[in-house]
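Below is one structure, written out as structure tokens; comments come after it.
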Amino acid sequence: MQLIETHIVEKLEKPIRFQEYSVGIFNTIPTKSGIKKAIKKGLIFIEGSLATTSKYICGGEKIELFESENSSTFERLKLNIEVLFEDETLAVVYKPAGILVSGNKFVTIANGLAQNLKKSTLADAVKPQPIHRLDYPTSGLLLIGKTSTAITALGKLFKEKEIQKTYFAVTIGKMNSEGTIKLPIDKKESKTNFKVLHTVISERFEFLNLVKLSPKTGRKHQLRKHLFSLGNPILGDKEYFLEGKVLNGKGLYLHAATLDFVHPFTKKTISISKELPKKFNKIFNELSF
């Protein structure tokens with residue numbers, strides 16, 4: 001057998017069964033079912049002894065994952081994710097445009113979290129999970145839960161609208177300087193506040209605007225639909241667009257720039273920001289927000 005990964009257990013508050021602890025410690029097998037299969041095949045060792053799902057982990061153990069010489073090679077996802085904040089319970093990461101948050105695809109943010117975040121040492125640690133979503137073409141900040149308690153608590157904060165998100169978009173056409181859009185989406189109440197920060201003249205699009213967006217609800221494609229309803233679609237949007245004014249090859253100009261919330265456990269105010277992508281600055285001469 002060939003050694004392919006080694007994990008050293010950090011100090012734990014209290015012992016935990018290996019079945020619960022093992023989820024997410026190996027990049028090549030991030031799921032509980034994958035861990036069980038590897039244990040059955042005799043591919044995981046704890047301190048040199050064959051692992052069992054019932055063995056208790058106390059802290060400091062060396063856990064090794066081997067690959068059988070006659071088995072197929074594990075498919076490894078190599079995805080570097082920028083981590084802007086992390087503690088034992090949650091994290092905030094940056095999702096580039098053009099990557100799915102989760103789903104059936106192999107390359108997703110969800111599948112890449114285990115190799116980019118530290119394994120929580122808390123007893124209810126789970127495979128890190130995104131708490132909300134960003135559309136495939138949207139870049140920006142994504143909130144992650146690392147324990148079952150955190151996932152529940154953060155989900156409650158979103159439901160109670162206690163997490164503030166700020167987006168920036170480049171829109172097409174002449175706009176009012178600020179306003180509120182209340183167009184229902186899927187027959188549900190929807191609300192977005194907007195403010196135009198800067199406008200430049202464009203030969204092709206007439207005007208291009210840098211717009212600050214504060215969604216008060218979280219409907220699917222809310223910002224894209226709301227801006228399109230004004231006649232000011234987002235530059236690069238290929239679903240909600242004006243005839244003859246689709247920009248190809250540059251992606252969608254929509255960026256989730258800030259997350260503000262009170263940490264559910266430390267009660268400290270968390271405010272994380274991510275600068276505008278370079279393609280925004282090329283239009284607005286290196287403006288900052």
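These numbers were taken from a predicted model, which means no experiment stands behind them.
Checked against a 6.0 Å centroid threshold, the rings of Phe66 and Phe45 count as neighbours. Ring centroids of Phe18 and Tyr56 are separated by 6.0 Å or more, keeping the two rings apart.
Scanning all heavy atoms of the two residues, the minimum distance from Ile39 to Ala51 falls at CG2-O, 3.4 Å. Closest heavy-atom contact between Ala123 and Ile16: O-CD1, 3.1 Å.
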**Item:** Test side-chain hydrogen bond (donor to acceptor under 3.5 Å, both in side chains) applied to Ser120 and Glu88, step by step
**Value:** CA-CA 5 Å; Ser120 174; Glu88 288 279 12; 3.3 Å; yes
**Prompt:** Under the ring pair (Phe, Tyr, Trp, His ring centres under 6.0 Å) criterion, do Phe280 and Tyr253 qualify, and how do the steps go?
**Reply:** CA-CA 7 Å; Phe280 282 68; Tyr253 282 71; 5.5 Å; yes
**Request:** With ring pair (Phe, Tyr, Trp, His ring centres under 6.0 Å) as the test, would you mind laying out the steps for His7 and Tyr21 before giving the verdict?
**Result:** CA-CA 12 Å; His7 173 81; Tyr21 177 81; 5.6 Å; yes
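A salt bridge does not link Glu189 with Lys182: none of the charged nitrogens is closer than 4.0 Å to a carboxylate oxygen.
Lys146 places a side-chain N or O within 3.5 Å of a backbone atom of Lys118 that can act as its donor or acceptor partner. Between the side chain of Lys95 and the backbone N or O of Tyr136, at least one donor-acceptor pair lies under 3.5 Å. A donor-acceptor pair under 3.5 Å is absent between the side-chain atoms of Asp237 and the main chain of Leu252, judged by distance alone. Formation of a donor-acceptor pair under 3.5 Å by the Asp87 side chain with backbone atoms of Leu90 is found in this model. No donor-acceptor pair under 3.5 Å is formed between the side chain of Glu206 and the backbone N or O of Glu203. Distance alone, capped at 3.5 Å, is enough to place a donor-acceptor pair between the Asn209 side chain and the Gly173 backbone. Looking only at distances, no side-chain donor or acceptor of Lys187 sits under 3.5 Å from a matching main-chain atom of Pro184. Of the possible polar contacts, one joining the Asn116 side chain to the Gly112 backbone as a donor-acceptor pair under 3.5 Å is found. Formation of a donor-acceptor pair under 3.5 Å by the Gln222 side chain with backbone atoms of Lys191 is found in this model. A donor-acceptor distance shorter than 3.5 angstrom exists from the side chain of Thr266 to the backbone of Lys268, with no hydrogens or angles considered.
Cluster annotation: Ile25 and Leu65 are assigned to the same hydrophobic cluster (Ile/Leu/Val/Met/Phe/Trp/Tyr, side-chain heavy-atom contacts under 4.5 Å, transitive).
The distance from atom CD1 of Ile172 to atom CZ of Phe241, rounded to the nearest 0.5 Å, is 11.0 Å. The distance from the OG atom of Ser190 to the NE2 atom of His226 is 4.5 Å, given to the nearest 0.5 Å. Note that CD1 of Ile163 is 5.5 Å distant from CG of Leu154, once rounded to the nearest 0.5 Å. Between the CZ atom in Phe168 and the CD1 atom in Ile234 there is a gap of 13.0 Å [rounded to 0.5 Å].
A side-chain contact (heavy atoms from CB on, under 4.5 Å) with Thr171 is found for exactly one of Val196, Leu227, Leu208, namely Leu227.
Other residues, nucleotides and ligands contribute at most 12 non-hydrogen atoms within 6.0 Å of the CD atom of Glu10. Within a 6.0 Å sphere centred on NZ of Lys36, heavy atoms belonging to other residues, nucleotides or ligands number 12 at most. The neighbour count for Lys245 NZ, taken as heavy atoms of other residues, nucleotides or ligands under 6.0 Å away, is above 12. Heavy atoms from other residues, nucleotides or ligands lying under 6.0 Å from CD of Glu13 number 12 at most. Other residues, nucleotides and ligands place more than 12 heavy atoms under 6.0 Å from the CD1 atom of Ile8.
Residues Ile283 and Val170 form a side-chain contact, since some pair of their non-hydrogen atoms from C-beta on lies under 4.5 Å apart. Contact check for Val211 versus Met175: side-chain heavy atoms found under the 4.5 Å cut-off.
Taking the centre and axis of the six-membered ring of Tyr240, the NZ or CZ atom of Lys225 falls outside the cone set by 45° and 6.0 Å. By the 6.0 Å and 45° rule, Lys274 stacks over the aromatic ring of Tyr94.
Qualifying ring pair (Phe, Tyr, Trp, His ring centres under 6.0 Å) partners for Phe158, counting only residues two or more places apart in sequence or in other chains: His132. The ring pair (Phe, Tyr, Trp, His ring centres under 6.0 Å) test applied to Phe194 returns no partner, not counting sequence neighbours.
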